[in-house]
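Predicted, not measured: the structure shown is a model, and the values here were computed from it. Just the heavy atoms: all of them, side chains too, but no hydrogens, waters or symmetry mates, feed the values below.
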Amino acid sequence: MLLARLAQVSREVAATAARTRKTALLAALFRDAEPDDVPIVIPYLAGRLPQGRLGVGWKVLGRRVPPAAEPSLTVREVDARLTELGKLSGPGSQAERSRLVGALLGAATGDEQRFLLGLLTGEVRQGALDAVAVAGLAQATGADPAEVRRAVMLAGSLQPVAAALLADGPGTLDRFRLVVGRPVQPMLARTAASVTEAVGKLGACAVEEKLDGIRVQLHRDGGSVRIHTRTLDDITDRLPEVTAAALELTGERFVLDGEVISFDPAGRPRSFQETAGRVGSRVDVARAAREVPVSPVFFDALAVADRDLLDLSFAERHAELARLVPEPMRVRRTLVSGPEDVREAERFLAETLERGHEGVVVKALDAPYSAGRRGASWLKVKPVHTLDLVVLAAEWGHGRRTGWLSNLHLGARGRDGGFVMLGKTFKGLTDAMLTWQTERLRELAVADDGWVVTVRPELVVEIAYDGLQRSSRYPAGVTLRFARVVRYREDKRPEQADTVESLLAAHPEVRP
DNA sequence: TTCCGACAGTGGGGTCGCAAT
DNA sequence: ATTGCGACCCCACTATCGGAA
């Protein structure tokens, strides 16, 4: 199959807003793909490369290459070239990568170039990723979309399911069950504003501490342990002490869901930055493990022995977990019977925060494990802080925000009466707010370099954030975590904005 | 007819490791 | 030795489609 066909379909998919039409377009393409093309066409149309990331970003792709007049590239040829590119490493590899990308783009038409650039940067932006590709695959093969989706979640990715379906038809979906050693998409939580709201929605539930570390799915099969992140990357080699802990457990075969986090000698959780830095260390793992040891803390069991627990209730799954994993290696929790018992949930949240953790996750006791879903049966509750800050500048938006000033530079008042930048945010803005702020900020503009519009510091905006973290980028030495706009405060003048001093005083646990 | 679940998009900051400078 | 870049952790929120109620 020619790459041009994919580029054209991608353009059509991007051009329509209707998901049914996107699905139909993808289904038609999947039907036409030859068996050898399937492992390439499917991920391409889901906006991903089968090789994963290739070390090619905007910088490498920077220069323009004249497009070819006629399409000639086949998807298999493109895939082969990118596989070669992915193997490069060592001195000179970046220049060689750049050369290979240039050659590939030179063989592509303008349409194909756009599609390839999207794939390489991970930003195809056609309004269709895995979920729409799954629906298209179901339509192309006549399979039940829900069953295809479930198979993909259990397989961990789309490709094996696509290959099996197109080769053997819908009957093969039964093959995709939870297998110890093969990671499944993890279940995710939604946000609730308070434990009262969460318990009100869920009724009988468990309230569990939410640890601010790295989500892991651990598979043990006899003497073999594999550990995967939320995106199912294998990080086993970086976590020898977690592997050792799993081998200490009495069960021989199991799949557990939990969090990996570092505690200091006093037993307090280290900051997310410290835990993430440790888990990210790959070169001298032994040393990193000595300096910042991490602990696994589990909250769910997906399989035990040869039993798949996914469809059991959380209450039943947790009973299995408790049989297998001793207390300190399990998340702390309390059980709540329903809204009449909300004070216990509040007490537990307060205690959890006191212990230095992020918040709680409230989980319905009767819910199954919905792999890959951000379902309504897990609700996270974290304290939210707010500040009144001043807009110092704004950046022009991209995609659907083209033409709007989008990303705001936020400042707090400093000691000298000036403003100190604390970070940026583009979150929380409605289209109406984007329209309003674009107009207002243009009136206040003192400079525009085409990317950043600097403004007179007069507009006060209320910002919600989850906490402070250390920063080497911003002058105060700290920055806001997950900052988002709540509303503009036209009733406030910049002299009434919050100060860096009071911000630091409010977060004594973080020192610049 | 209205409501709401699921998705995609729009980017934020930090850290690590590698290659280039 | 330092710097720049890309990958991958953490993530909030809005708009929109289309099935559920």
* Asked: Among residues 386-413 of chain A, which residues get a heavy atom nearer than 4.0 Å to DNA chain C?
  -> A:R400
* Residues from residues 462-483 of chain A sitting under 4.0 Å of DNA chain C, heavy atoms only? -> A:R481, A:F482
Any idea which heavy atoms bring [X] and [Y] closest together, and the distance?
X: A:R97; Y: A:G55; result: NE-O, 3.5 Å
X: A:A138; Y: A:D144; result: CB-C, 4.5 Å
X: A:T275; Y: A:S262; result: OG1-N, 3.2 Å

Salt bridge or not for [X] and [Y], using N-O below 4.0 Å?
X: A:D466; Y: A:R484; answer: yes
X: A:R81; Y: A:E84; answer: no
X: A:R215; Y: A:D300; answer: no
X: A:E96; Y: A:R99; answer: yes

* Partner set under side-chain contact (heavy atoms from CB on, under 4.5 Å) for A:Q139, not counting sequence neighbours -> A:T23, A:A24, A:A27, A:R31
* **Under the side-chain contact (heavy atoms from CB on, under 4.5 Å) test, residues paired with A:D366 that sit two or more places apart** => A:A364
* To do: May I have the step-by-step check of salt bridge (charged side-chain N to carboxylate O under 4.0 Å, His left out) for A:E274 and A:R278, ending in yes or no?
  => CA-CA 6 Å; A:E274 289 171 289; A:R278 156 59 211 280; over 6 Å; no
May I ask you to say what [X] touches in the nucleic acid, namely base, sugar-phosphate or nothing, with a heavy-atom cut-off under 4.0 Å?
X: A:V60; value: sugar-phosphate
X: A:R238; value: nothing
X: A:K201; value: nothing
X: A:G213; value: sugar-phosphate
X: A:K427; value: base
X: A:K382; value: sugar-phosphate

* Structure fact -> Between A:D233 and A:R21, whichever has its closest DNA chain C nucleotide further toward 5' is A:D233
* Identify, between A:A18 and A:T430, the residue whose nearest nucleotide on DNA chain C lies closer to the 5' end. => A:T430
* Go through the steps for A:R400 and A:D431 under the test salt bridge (charged side-chain N to carboxylate O under 4.0 Å, His left out), then give the verdict. => CA-CA 10 Å; A:R400 76 179 295 282; A:D431 288 1; 3.0 Å; yes
* Stacked cation flag A:K382 on A:F482, 6.0 angstrom / 45 deg -> no
* Asked: Does A:R440 make a cation-pi contact with A:Y488, if we ask for NZ or CZ under 6.0 Å from the ring centre and within 45° of the axis?
  -> no
Can you give me the N/O atom pairs linking the protein to nucleotides 2-4 of chain B at distances under 3.5 Å, or say none if there are none?
none

Any donor-acceptor pair under 3.5 Å linking the side chain of [X] with the backbone of [Y]?
X: A:T386; Y: A:I463; result: no
X: A:Q185; Y: A:G156; result: yes
X: A:K210; Y: A:V361; result: no
X: A:R487; Y: A:E462; result: no

* Asked: Taking only residues at least two apart or on different chains, which pairs with a member in residues 459-478 of chain A satisfy ring pair (Phe, Tyr, Trp, His ring centres under 6.0 Å)?
  -> A:H385-A:Y465, A:Y465-A:H507
* Structure fact -> The bend of the helix from B:dA8-C:dT14 to B:dT21-C:dA1, taken between the axes of its five terminal pairs at each end and rounded to 10°, is 20°
* Grab the CG-C1' distance between A:L188 and B:dG5 for me, whole Å please. => 14 Å
* Structure fact -> Taken to the nearest whole Å, CG/A:L120 to P/C:dG6 is 11 Å
* Note, A:R332 side chain near A:R355 side chain (heavy atom, < 4.5 Å) -> yes
* Answer yes or no: is there a side-chain heavy-atom contact under 4.5 Å between A:V65 and A:Q113? => yes
Donor-acceptor pairs are to be reported for all side-chain atoms of residues 401-408 of chain A against protein atoms at under 3.5 Å, with residues two or more places apart or in another chain.
from   : atom 1 : to     : atom 2 : distance (Å)
A:R401 : NH1    : A:S406 : OG     : 2.9
A:R401 : NH1    : A:F426 : O      : 2.9
A:R401 : NH2    : A:F426 : O      : 3.3
A:T402 : OG1    : A:G399 : N      : 3.2
A:T402 : OG1    : A:G399 : O      : 2.7
A:W404 : NE1    : A:T435 : OG1    : 3.3
A:N407 : OD1    : A:T425 : N      : 3.4

Contact list for DNA chain B against [range] - heavy-atom distance below 4.0 Å:
range: residues 125-138 of chain A; answer: A:R125, A:Q126, A:G127, A:A128, A:L129, A:D130, A:A131, A:V132
range: residues 274-288 of chain A; answer: A:G277, A:G280, A:S281, A:R282, A:V283
range: residues 45-59 of chain A; answer: none

* With no hydrogens and no angle check, do the side chains of A:S10 and A:Q126 hold a donor and an acceptor under 3.5 Å apart? -> yes
Dump the pairs, protein N or O against N or O of nucleotides 19-21 of chain B, anything under 3.5 Å, distances to one decimal.
from   : atom 1 : to    : atom 2 : distance (Å)
B:dA19 : OP1    : A:G90 : N      : 2.3
B:dA20 : OP1    : A:G92 : N      : 3.2
B:dA20 : OP1    : A:Q94 : N      : 3.2
B:dA20 : OP2    : A:G92 : N      : 2.8

* What's the verdict on salt bridge (charged side-chain N to carboxylate O under 4.0 Å, His left out) for A:D130 and A:R48, showing C-alpha distance, side-chain angles and the deciding distance? -> CA-CA 9 Å; A:D130 267 13; A:R48 282 183 291 101; 2.7 Å; yes
